[in-house]
S.K.: 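Questions regarding the structure given below will be posed in turn.
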Amino acid sequence: MNQTTGNDGSATDTFAHVEDRRASSGIDRDLVNIVAVFALSAVLILCSRFVSPALGSWNQVLTILTLSSFLIVLSFGQGLVILVGGLDLSTPSLVVIGGVLATVYGSDGNAFYVLPIALCVCALIGLVNGAGVVILGIPPFIMTLASSIFVASAALGLTGGTPRGNSPEILAFLMKERWLGIPVVVYFVVLFAIVGWIVQSRTTLGRRLYAIGVNREAARIAGIDVGLTEAIPYAISAACAGFVGMMLVGYSDGATLRMGDSYLLPGIAAVVIGGSSILGGSGSFVGTVGGAILLTTLGTVISAIGLDQGYRTIIEGSIILVALVLLREDLFSGLRLRNRKA
Amino acid sequence: MSEARMASVECRGVSKSYGATVALEDVSISIGPGEVHALLGENGAGKSTLVKVLGGVVEPDRGTMSLTGEPYAPSSILGARRCGVAIAFQELSLLQNLTVAENLCLPKLPAAKAGLFSRGRTIEKASQILARFDLPLDPEEAVGRLSLPDRQRLEIVRAFSHGTRLLILDEPTASLSDVDWLFRLIENARKAGTAVLYISHRLAEVRSICSRATVLRNGRSIDTVDLAGADDNRIFEMMVGRSAKKTLSTHAGKPKSSGAVLSVSDLTTDILDSVSFELKEGEILGVAALEGQGQRDLFRSLVGLEKRRSGSISVDGKVADIRSPKGALASGRGMAFLPEERKTEGIFASLTTASNMTLPVVGNVASFGVVSRSRERDAAGETADVVDLARRYLPFRISDLSGGNQQKALLARTVMTGARILLLFDPTRGVDVGTKQSIYEAIRQFTEDGGSVLFYSSELPEITSLAQRCLVLYGGRIVEAFEGDAIEEQNLVGAMIGHREDSAASKGAYS
Amino acid sequence: MSYAASLATERTSRPTLRLKRMLSGGAAVVFVLYLAMYALYAWFEPSALSLYTFTNLMNNSAPLAIAAAGETMVVLARGFDLSVAGVISLTNVFMAIYPIEGPLGALASLAICMAIGAAVGAINGFLVAKLGLQTIAATLGTMIVCQGLSLVFLDAPGGYVAQWVSYELTDTLFGVLPISGLIVLAVALLWAGFSRTNTGLGIYAVGADEQAASLSGISVTATRFAAFVGAGILYGLAGFMLSAQTATGDPNAGESFLLLAFAAVALGGTSLSGGRGGILGSIFGAGVLMLLQKVLFAAGVSSFYTGMFQSVILVAAIVLGNLIGRTFSKGAVR
Amino acid sequence: QDSGSDKKYKIYLAMSYSGNSWQSEAANIVKALAKTPPYDKQVELTEVISGTDPQAQISAYESMIQAGADGVISFPISATALNRTIKRGCDQGVKFFMYDATVTEPCAYNVSFITAGFGENTAQALVNELGGKGKIFLSRGVPGNSVDKRHTDGAMHIFDQYPGISVAAEYYSYWDDRTTQQETAKALAAHPDVDGIWAQAGEYGAVQALLDKGGKLVPITGENSDGFRLALADPKMQDMGLKGVSSGSPPASAGYAFKIMMEVLTGKRDLEPMNIQYPLPWVPAADVKLCEGDTFENGCNVFPSEKVPSSFVTEVFNPTLLPELTLTSALDGNPTPGATIQPLPEEITKAPDSPGINCQRCEAPENQYELTKVKATVQP
Ligand SMILES: Nc1ncnc2c1ncn2[C@@H]1O[C@H](COP(=O)(O)OP(=O)(O)OP(=O)(O)O)[C@@H](O)[C@H]1O
Ligand SMILES: Nc1ncnc2c1ncn2[C@@H]1O[C@H](COP(=O)(O)OP(=O)(O)OP(=O)(O)O)[C@@H](O)[C@H]1O
Ligand SMILES: [Mg+2]
Ligand SMILES: [Mg+2]
């Protein structure tokens with residue numbers, strides 16, 4: 001089409017420049033959001049110096065990265081489930097199961113096969129979630145809630161309430177050791193973020209998940225095996241949650257049956273704050289990582305403020321809201337538009 | 001001539017940009033009262049955008065409009081409606097979970113007591129509107145259960161019920177195979193003094209109903225012409241800035257070989273009634289039918305989207321148990337399906353055009369599961385050329401593309417799958433005149449290379465010029481099959497209205 | 001060849017259509033489920049049929065039922081509202097630290113609770129409808145703020161809810177009708193009315209397809225806003241009813257409502273992706289959730305098996321609902 | 001029911017949730033006691049777990065009353081929300097015994113250590129270790145919880161007297177090791193130079209957070225986890241600077257409550273509903289002593305790490321009140337072979353009133369924050 005070979009040459013010339021102006025805008029909306037999330041985290045860290053002079057230091061950054069590692073791993077799986085338009089409420093129980101299996105059956109000697117098997121068990125549970133959603137048509141919310149309750153009961157039965165045993169060496173190494181002055185888990189998290197980003201944004205699987213999330217029916221018609229593909233994120237999410245359980249075991253040398261509870265909402269929030277739509281089909285894992293770091297940073301700074309918990313909570317909620325307002329997509333495009341007009 | 005009488009609607013220097021995309025630039029148009037005015041242009045020329053500006057959906061960056069002499073700057077769709085301006089949108093604007101009556105009366109339903117609306121009066125009002133515009137739909141039916149053509153009609157009727165001064169119809173016939181009903185309505189509106197802005201890529205249609213046409217190209221209004229005084233070539237030149245390609249109007253020869261690649265026997269579904277036919281290698285097989293005669297079911301059941309009750313489908317001589325489009329792609333030489341509804345079954349709105357195209361075969365542009373962007377771009381680019389889609393659209397979100405360009409991308413998707421059998425449901429819907437020729441050309445090339453195509457079209461001329469054989473569906477059954485020169489409008493129409501069938505045959509045909 | 005002539009449509013007779021639609025709706029399925037479970041409960045525990053037990057059950061279920069009803073409004077408009085937890089805590093705290101005695105006092109308290117809910121809903125509505133934030137994120141923020149406010153006003157459980165509220169509202173009318181049940185009924189009736197207003201219909205429209213709704217002339221902003229405000233008012237009422245039941249304040253009172261409210265909504269057949277469902281289903285959904293505990297207790301299932309049973313029943317209920325829905329609505333709207 | 005001759009008491013164990021060591025140990029010892037002769041013939045015990053939702057517990061209580069319970073032994077989720085239901089139950093003759101957490105309804109028996117002065121005593125111990133000045137963290141429990149408030153009020157009563165003591169950070173750890181560890185890590189990022197930590201349950205997480213950070217340990221007072229006690233006694237940790245006291249909530253109160261309830265039900269004891277105080281466990285670092293057997297004997301009070309997880313709450317045994325119990329009871333809910341129920345000592349300590357904790361419209365005694373376990377060795 002661009003090689004115009006018409007006899008009305010003058011008209012073609014007249015509109016040649018119009019073609020140029022209609023070129024792709026080149027601004028990736030996701031990118032803007034991601035940069036903004038990280039920038040906001042950085043600003044928060046820098047501003048936290050006003051709260052306490054020890055904040056804003058390299059050490060604080062390492063603490064934040066270590067603490068956010070749990071959320072980052074967890075929200076990768078949650079993000080994939082949200083990507084296909086689902087929601088995984090079973091993560092708390094899978095965190096527990098992962099941790100329990102690692103402490104109850106794992107020891108220094110057998111960790112090399114017990115931990116992978118435990119992760120497979122978790123993935124299998126996730127697959128059951130996926131099967132319920134895909135085959136039986138149960139809303140993800142209910143299916144994962146139900147399996148969460150079920151798995152929690154099973155964990156209770158398995159342990160009689162008290163998970164015994166200690167952390168296998170390898171998990172303690174992951175969570176506690178330092179290498180070149182930087183915690184090993186920080187290297188791990190960086191690697192995980194890169195791999196996660198590739199899986200979600202660059203692989204064929206990721207592409208199919210986006211398609212399903214945007215338009216399930218169209219994905220089916222386009223020849224995607226929607227049933228199988230849609231179940232995969234649930235398995236990944238369960239495995240991720242199980243691995244978070246193991247990380248927690250390594251972090252504090254032991255498991256409890258409620259250690260996953262505090263990760264449910266933050267896990268979802270990290271995904272959404274990172275720019276993904278809760279309705280599926282959009283977002284990037286890099287954004288989610290940013291969301292997780294932002295939430296953890298916020299927690300660190302808030303806990304250093306010398307106010308009553310009530311006021312601190314109010315500040316925390318307000319900062320989340322302000323961040324969301326600042327991160328709005330149309331705010332950026334709005335600004336762009338205004339510049340154009342001016 | 002047009003300046004002589006007072007214009008009913010007038011736009012001057014209207015411009016609108018989406019980010020870096022200039023959709024409209026300095027567009028001017030004027031329509032007289034009681035005039036049916038055509039808006040012509042290539043896919044992506046800016047027609048729908050102009051429509052949205054006129055209808056108060058988007059605000060123009062620059063420019064002025066007036067309505068019967070008074071300045072007109074609608075701030076919302078309701079504002080436009082209040083001025084008597086209404087649109088039937090290209091991408092339908094109906095709510096599928098609400099009933100016909102509710103859709104017709106939105107956003108304010110007739111009131112009963114205490115601020116509540118009255119169901120009875122809503123139905124009554126809707127029935128009146130439906131009767132006034134001769135559309136026999138059940139007002140209480142949920143719109144989601146209507147067929148696409150019926151939805152299109154409902155969209156049109158809704159516009160008619162509000163558009164007293166300016167009525168805008170954006171590709172109203174895209175999924176209608178029968179236009180008489182619409183033309184009667186337009187004629188009535190015209191007589192009542194309503195200005196009508198009519199958008200269509202079917203030039204013959206435009207000529208039969210419009211007096212003048214404004215041509216848009218790349219977002220600019222090129223000229224307004226009297227249709228009587230402009231031949232197709234002239235219009236085409238104005239639209240694309242070059243002369244028309246040589247149109248191929250003769251049938252391509254007989255299929256090279258006579259081996260059946262797809263054979264369907266006694267296919268029966270809720271709607272189809274023992275349908276049997278064969279598709280040969282290198283063949284273009286057309287399906288002609290009025291709306292709702294089972295063509296949708298036929299295509300969908302072939303790829304496993306509709307349950308088969310009985311009957312078998314064989315690909316390459318082997319019985320294929322196809323349960324999903326994926327299965328269809330994988331069976332034998334592969335069957336790819338182009339669905340009917342662009343918005344709900346076709347596009348992935350937030351993905352790029354290139355991703356939309358490569359999706360079914362994204363594995364082919366990936367190594368070790370990781371998609372290579374350059375290979376994706378190249379692969380998509382090649383196919384984009386085949387369907388005449390400008391490569392610059394490839395990195396855009398597909399939702400930012402015009403309707404016709406979206407359709408091209410979807411067609412490209414089926415080509416990209418590598419399947420040797422294409423099942424195309426109305427492939428050229430909303431595609432501009434020039435591109436249609438390119439697509440016909442591509443289809444012919446595809447079959448000449450040994451591929452086979454089964455296609456349905458709402459445009460009879462398309463079938464007559466393209467198909468080597470043609471099946472006519474009526475009441476869920478194949479009532480006739482034509483071949484070669486017998487494929488001719490008169491014959492087809494005769495078979496399509498089922499004059500050889502008793503009326504009982506239509507039972508269950510309409511879902 | 002007129003179009004009308006070619007249309008030999010055979011239509012299902014209207015009453016049959018309506019009946020089918022009703023049966024395939026989530027509310028009917030979950031209502032049947034509720035009855036079945038109540039029968040089971042009565043079979044295990046004959047005193048379940050006593051007025052006393054029924055009243056208790058109503059009192060117990062009312063807060064969740066009303067909260068779920070509120071949540072439904074937002075879900076129908078394609079949203080998630082987490083602020084339900086915050087508003088319930090906040091109103092419960094308010095009821096406990098500013099008790100106003102007497103029937104008029106109760107009315108005043110009720111008005112204030114609803115106003116608190118409406119205010120929070122308005123903030124949510126502003127953030128979502130005007131500023132375009134994602135519902136789940138915006139309401140997470142307001143939920144946290146509300147929790148903080150509750151803690152500021154009451155830093156540990158305590159306080160006393162007005163006697164009149166806590167006694168009269170958990171009692172029965174004429175000795176036979178549980179008042180809390182009547183209030184839930186009133187909510188259901190109000191909804192029946194509201195769903196027949198243009199805004200009510202608009203909520204369904206916006207939830208199904210925002211773009212088409214706005215092209216149909218519906219103000220998406222106003223509709224979303226209304227849904228959040230309406231939901232907030234109901235959360236306020238739920239907090240009020242919870243206070244009547246517990247008679248004291250707890251700054252964390254709302255927390256346990258978060259997941260349960262959503263579960264009730266989903267159980268009630270409302271699509272979590274908007275546009276389909278209704279409040280009635282959610283109310284019965286909440287009823288089922290509360291009844292489930294009773295049935296399992298009465299059946300002698302205890303300890304950690306309860307969880308397993310609960311989850312299996314939850315899933316079975318939905319599957320059953322799907323099946324019933326499918327058989328009664330061949331080819332229905334998706 | 002089966003024999004009909006001697007009726008079994010229908011007892012319900014109504015827990016909030018099960019899932020940390022504390023809760024499951026408390027439940028396990030009740031179950032073990034119920035299986036210990038002669039209770040095994042007298043008691044039909046049913047366990048019900050309600051989670052953290054007061055509504056669910058209200059519903060569970062209703063069901064128990066309806067089912068004709070003789071007694072309910074419970075960890076109440078809310079100090080106030082259950083009152084009306086309990087009152088209804090009392091009116092129908094059900095005996096309610098609350099352990100650890102309390103309710104303000106006067107017809108229920110509360111058996112708890114809450115009023116025994118955990119907060120003020122540990123705070124004073126910490127002040128003593130710090131010599132009256134330094135930056136400290138408060139690792140609290142659950143926000144908006146009355147037990148947390150009572151502990152913290154007591155502690156602040158002491159800290160406020162010392163201008164040299166400054167609270168650098170105050171965070172909520174939900175009585176959980178992991179959360180304590182994470183919250184402490186956050187606080188350490190802002191205040192690496194902390195001098196001491198006052199912690200409620202979860203204290204072992206504070207130790208680990210300090211270890212993670214590297215560098216020195218500081219004095220920590222906390223509750224009764226096995227890990228913490230072992231750390232207190234570990235010479236290596238002591239060298240790094242760890243000092244402190246282990247005190248706090250004993251799961252043993254559940255067993256104590258159960259035994260009192262049985263004595264009341266069987267008529268062995270005539271006791272009107274009252275608030276009963278369980279003695280405050282108090283183990284300074286110097287007193288930590290490793291147990292060789294499976295229970296507290298010869299003054300031992302901690303188990304080797306091979307036997308129990310670090311989160312195990314050691315104060316589940318009590319040689320005088322609960323001699324029937326050993327590790328198998330606490331971990332698995334099984335009775336100790338050969339053990340029989342021993343009668344409780346006659347005397348019972350009445351807990352002082354504490355408004356919002358164990359009574360509604362009441363006054364706390366003047367001396368509610370009086371030190372009972374330590375003396376102030378440094379003056380403000
Ligand atoms: N010129 C006309 N010819 C026939 N019918 C008309 C005409 N103008 C309006 N109507 C019908 O009358 C109805 C009301 O007209 P209109 O849409 O202008 O309502 P409105 O006054 O804007 O309504 P509201 O005030 O409730 O928003 C419409 O549904 C339309 O079908
Ligand atoms: N929301 C949007 N964001 C960005 N670009 C847009 C948007 N909507 C339309 N465009 C661009 O504006 C141009 C004009 O589109 P428009 O829909 O008006 O074309 P059209 O003439 O109606 O074409 P068709 O015949 O294919 O429907 C196209 O290049 C399209 O990609
Ligand atoms: Mg268009
Ligand atoms: Mg009007």
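Proteins come first, then strands; the chains are lettered A, B, ... in the order of their sequence lines, and each starts at number 1.
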S.K.: Begin with the C-alpha distance, continue with both residues' side-chain angles, and end with the deciding distance and a verdict on ring-ring contact (aromatic ring centres under 6.0 Å, His included) for C/Phe297 and C/Phe44.
M.R.: CA-CA 9 Å; C/Phe297 184 94; C/Phe44 282 124; over 10 Å; no
S.K.: For chain C, which candidate among D/Ser146, D/Ala81, D/Pro355, D/Ser63 shows the most heavy-atom pairs at distances under 4.5 Å?
M.R.: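 Counting heavy-atom pairs under 4.5 Å, the top option is D/Ser63.
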S.K.: Can you say whether the rings of D/Phe118 and D/Phe113 are parallel (under 30°), tilted (30 to 60°) or perpendicular (over 60°)?
M.R.: perpendicular
S.K.: Return the option, out of C/Gln245, C/Glu255, C/Met290, with the maximum number of heavy-atom pairs under 4.5 Å with chain D.
M.R.: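 Of the options given, most contacts go to C/Gln245.
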S.K.: Take atom OH of C/Tyr98 as the centre, draw a 6.0 Å sphere, and report whether it contains more than 12 heavy atoms from other residues, nucleotides or ligands.
M.R.: no
S.K.: Which one of C/Leu242, C/Leu64, C/Thr248 has the most heavy-atom pairs closer than 4.5 Å to chain D?
M.R.: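 Of the options given, most contacts go to C/Thr248.
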S.K.: For the candidates D/Gly356, D/Pro143, D/Ala79, D/Ala60, which exhibits the highest count of non-hydrogen atom pairs separated by less than 4.5 Å from chain C?
M.R.: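 Winner by heavy-atom pair count: D/Pro143.
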S.K.: For C/Tyr167, I'd like to know if atom OH has over 12 heavy atoms of other residues, nucleotides or ligands within 6.0 Å.
M.R.: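 At most 12 heavy atoms, drawn from other residues, nucleotides or ligands, come within 6.0 Å of this atom.
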S.K.: Taking side chain as everything from C-beta outward and backbone as N, CA, C, O, which of these in D/Val147 sits under 4.5 Å from a heavy atom of chain C? Side chain, backbone, both or neither.
M.R.: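 No part of D/Val147 comes within 4.5 Å of chain C.
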S.K.: Is chain D contacted by the side chain of C/Leu260, its backbone, both, or neither, given a heavy-atom distance below 4.5 Å?
M.R.: side chain
S.K.: Would you say C/Tyr160 has more than 12 foreign heavy atoms packed within less than 6.0 Å of its OH?
M.R.: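 Atom OH in C/Tyr160 is packed in, count exceeds 12.
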S.K.: Pick one of side chain, backbone, both or neither for C/Ser89, based on which atoms fall under 4.5 Å of a heavy atom in chain D.
M.R.: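 No part of it gets close to chain D.
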S.K.: May I ask you to check whether D/Tyr99 and D/Asn110 show a side-chain donor-acceptor distance below 3.5 Å?
M.R.: no
S.K.: Against chain D, work out which of C/Asn252, C/Thr246, C/Thr53, C/Leu154 has the most heavy-atom pairs shorter than 4.5 Å and name it.
M.R.: C/Thr246
S.K.: For residues D/Thr122 and D/Trp198, is any side-chain donor paired with an opposing acceptor at under 3.5 Å?
M.R.: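 Yes - a donor-acceptor pair under 3.5 Å links their side chains.
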S.K.: Let me know if D/Asn83 has heavy atoms under 4.5 Å from chain C in its side chain, its backbone, both or neither.
M.R.: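 For D/Asn83, neither part sits under 4.5 Å from chain C.
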S.K.: Under 4.5 Å heavy-atom distance to chain C, tell me which part of D/Arg150 shows up: side chain, backbone, both or neither.
M.R.: neither
S.K.: So for C/Asn56, is it side chain, backbone, both, or neither that comes closer than 4.5 Å to the heavy atoms of chain D?
M.R.: side chain
S.K.: Taking every non-hydrogen pair under 4.5 Å, which of C/Leu57, C/Val161, C/Asn59, C/Thr170 racks up the most with chain D?
M.R.: C/Thr170
S.K.: Does the ring centre of C/Phe262 sit less than 6.0 Å away from the ring centre of C/Phe80?
M.R.: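 Under 6.0 Å, so yes.
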